[in-house]
Amino acid sequence: MNPSPAPATPPRPTAVPSPAAADEVVRRLRRARRAARGRSEESTATSVYIAVFTALMAGMSFLSWLDSTLAAPEPPAWAGRVAPVLPELIALAVLAVLWLSVRDALVRGPIAVERPMVDWLLVLPVPRRPLLRPLLLRAYAVRGAVGGLSGLAAAAVIGSVALAPAILAGGLAGVGSAAVGAAVVRFPESPRVLAWLTPFALAVAALLFASALGVWDAPVAALAATGPWGVLAAAAAVVTAAAVTAERPIGGIPADVLRSRADMHAALRYGIWLSEPTFGHDMLREGAGRAPSTRLRLRPPSRAGALVLWRDVTGLLRNPVAAVRSTAFAALSAVAVAAGAGADPALQAGAAVAAALLLYAAARPLLVGADYTAAVPQRLLLLPHRPPAAVLLHGGVPLAVLLLAAVPGVAVAFALVGVRGLVLAAMLPAVVAGALGGTFRGRLPAHLWTGYESPMGNTAPIQVLMWHLQGPTAAVLAAAPPLSGMLPGPMVPVWTVAATVLLAVWAAGKGRALTGR
Amino acid sequence: MLGSVDPVLTTDGVVQRYGGRRVLGPIDLRLEAGGGLAVRGPNGAGKSTLVRVVAGREEPDEGEVRVCGRPPRETDLEFRRDVFVLDEAVFYPDLTVREHLELAAIGHGAGRGAAELVGRAVERCRLSGHADMAPGRLSKGLRQLMMLAGILVRPPARLAVLDEPERHLDGDARDLLAVLVEEARERGTAVLLATHSDALADRVCDARTDLS
């Protein structure tokens, strides 16, 4: 009998590399990627061409608009109404930026790591802070620049705000959002932060609205009375402290956190290149561990014809917030209808458009099942219907829920403005059909990037934008005319029925187009 | 056993090109009811392209494909009734494994018997401990088993098109796959199997075509 082999000696651990190793790793990576980029000159040239072309098309339009707005002799008439409530509006904007930064950081965040970096560099026994710091600094610079441009645009639009403070305020908001985002990414308690921040933010927002309406005097007005530079100096101190504080612990961000955020960053990049803003949303909704809890179950029907309805009800049961959002937007829609009644024609039309958009916003969250199916067209073939029929069936449950969700708003609108409140309810089928058509629009066709020259510039960006806004546009075209009260009485039911039928046919056609048949 | 005089699947001179480059064909196939045809070849030989053409997802640039006497169109209800296609897993992230199988069973007319049918399929495909989880939380192997279980919750298909069904499956699961394919053939289902596995091809198919 052979003796058992001697147990293998485990390898002796080597010394941990010095911090300088991290810098050397980054230098080598840059050199290697430069070499690789040199080997693909053609694709680099193409990428540069596309980037410059896109920047010129978007940037020239923006600069042209900015130039004409700044050159206008007088600010627009409505700017005078905004001036008294400007402190509250700015405070609301800062609150919104803070809340959005936290929400973004929970799934993406400001540190734009590439997935290969996570899997190849961050697993090395080198300090991570030198690897991640450049990315955070870049985020500060980019968000600061975007914030500054936004401040410039806002000052140009409002007209009564000085440019320099506006640019600085925007820049500080941008840097601050990156700092907040970095802190949220670093610390695992972050989801709880959003849980208490949301009601707090809503409460503060409500107080600011009340102050803007003159119901209450918020301290912001008193603060603003001291002048912009004092406030900005304090803000700059706070933001600088936050930025420095957020940078220190970034070396401790767990790798799995960076991995998931790297995937989201990639999804956003692809979404921008493909002009598909929903790309990241699909990944967000369907990423590993992000699917809703499946504890709540509904027994499936025995008839195949009811399967789509069961699929949609299941989706809504597992996303209960959708119904809450829907009710809130439906109520706001009724408020818009009531606000426009009896006003001058321009205001009536504006209120009707707002009401139609709010109706669309009420319908949209309920299309949970349709969203899932549209994200991967192959799922249309899991359903026992021809694709056009499957698309229309996806509107059944949302319409039923929306009719219920809209009852409070419609009742209030009816009490305030009479029959026009009922028109709100009558337009719901058309709005749902429009939302369905927008949901099943598929991927952006490449030919839309070929525009033609018009007095407003190249039409390509507008074509792309309109492609993505099919749903809200359909809702506005269908619902705004009857909601504005400008249609003669007998025309309203005819319009309602015709709009519903046309949009239903349009939505069904999307199903056929998505599956290529 | 399904009876059929005409072949279930024929391809006559089928050619497929991508960007001017021919990636498949010309290929002539004939598959009778209950027959089993393995399609072999290295990566890039056109196996998956052939599967997509037969599954009605692409139209061939040249030639003709007929499945059950008709051109394959996966949007046709009759095509989906007659043909079972197994390739990459497609699923709803918010539905459980059991709910996916119930969707398939009821969609194929199982009615009130769906729950029992699905229960047996779940047990047979070793999904009992995972049936109430969302597929997104499962390993690729278990997702593949979920897709495979789809063949048990529907009436026998006239044609089963399987594209590398053995991927991500362990040894026992591959045995199960082979048994399920054999049982399907005994019920009269014609099987078109694109695979890298010689063992699987030899066990479940009696004819072979090589695309290399």
Side-chain angles (χ1 to χ4, degrees), chain A residues 282-319 322 368-391 511-517, chain B residues 52 55-59 71-81 83-85 87-118 130-140 143 146-147 150 153-155:
Chain A
D282 294 344
M283 181 174 279
L284 170 69
R285 190 185 49 212
E286 304 191 12
R290 294 200 188 106
S293 164
T294 53
R295 271 200 300 256
L296 262 176
R297 293 197 58 225
L298 186 70
R299 212 167 66 165
S302 53
R303 292 188 305 112
L307 272 175
V308 176
L309 307 180
W310 166 79
R311 197 267 88 83
D312 288 352
V313 172
T314 302
L316 284 176
L317 278 177
R318 293 170 178 168
N319 285 279
V368 172
D371 259 345
Y372 279 124
T373 303
V376 179
Q378 201 67 12
R379 290 175 185 156
L380 263 175
L381 303 168
L382 291 176
L383 305 170
H385 304 282
R386 290 194 171 81
V391 167
R512 196 174 302 114
L514 256 191
T515 50
R517 307 290 178 158
Chain B
R52 282 197 298 277
R57 289 173 193 171
E58 291 179 18
E59 284 194 19
R73 288 213 169 84
E74 65 175 345
T75 51
D76 287 351
L77 294 176
E78 293 78 15
F79 181 83
R80 283 185 265 159
R81 177 198 62 201
V83 180
F84 173 76
V85 179
D87 59 355
E88 61 178 286
V90 175
F91 52 87
Y92 283 103
D94 65 328
L95 298 183
T96 63
V97 169
R98 190 185 304 277
E99 286 166 345
H100 277 91
L101 294 174
E102 284 168 347
L103 193 79
I106 295 165
H108 280 285
R112 294 185 200 285
E116 194 185 329
L117 194 62
V118 167
H130 313 281
D132 294 316
M133 294 172 67
R137 295 173 193 261
L138 302 181
S139 69
K140 288 179 185 168
R143 279 185 229 157
M146 178 189 78
M147 301 302 288
V153 298
R154 48 162 293 156

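Just so it is clear, the structure is predicted and the values come from calculations on it, not from any experiment. Below, read A as the first sequence line, B as the second, and so on, with proteins coming before strands; counting in each chain starts at 1. Atoms considered below: every heavy atom in the structure, side chains included; atoms not considered: hydrogens, waters and symmetry mates.
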Test side chain to side chain contact (heavy atoms under 4.5 Å, CB included) applied to A:R297 and A:R318, step by step: CA-CA 9 Å; A:R297 293 197 58 225; A:R318 293 170 178 168; 3.6 Å; yes

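For A:P377, the side-chain contact (heavy atoms from CB on, under 4.5 Å) criterion is met by A:L514, not counting sequence neighbours.
With chain B as the partner, the residue from A:G315, A:P384, A:A304 showing the most heavy-atom pairs under 4.5 Å is A:A304. Taking A:L380, A:N319, A:T373 one by one and counting their heavy-atom pairs under 4.5 Å with chain B, the maximum is reached by A:T373.
The parts of B:D132 that come within reach of chain A are both its backbone and its side chain, each placing non-hydrogen atoms under 4.5 angstrom from that chain. Neither the backbone nor the side chain of B:R81 comes within contact range of chain A; no heavy atom of the residue lies under 4.5 Å from a heavy atom of that chain. The contact between A:L383 and chain B is made by backbone and side chain atoms together, counting heavy-atom distances below 4.5 Å.
Across all non-hydrogen atoms, the minimal contact from A:W310 to A:P300 is NE1-CA, 3.4 Å. Residues A:D312 and A:G369 come closest through the heavy atom pair OD1-CA, 3.2 Å.
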Show me the donor-acceptor pairs, under 3.5 Å and distance only, between side chains in residues 100-115 of chain B and residues at least two apart or in other chains.
unit_1 : atom_1 : unit_2 : atom_2 : d
B:H100 : ND1    : B:T96  : O      : 2.9
B:H100 : NE2    : B:Y92  : N      : 2.7

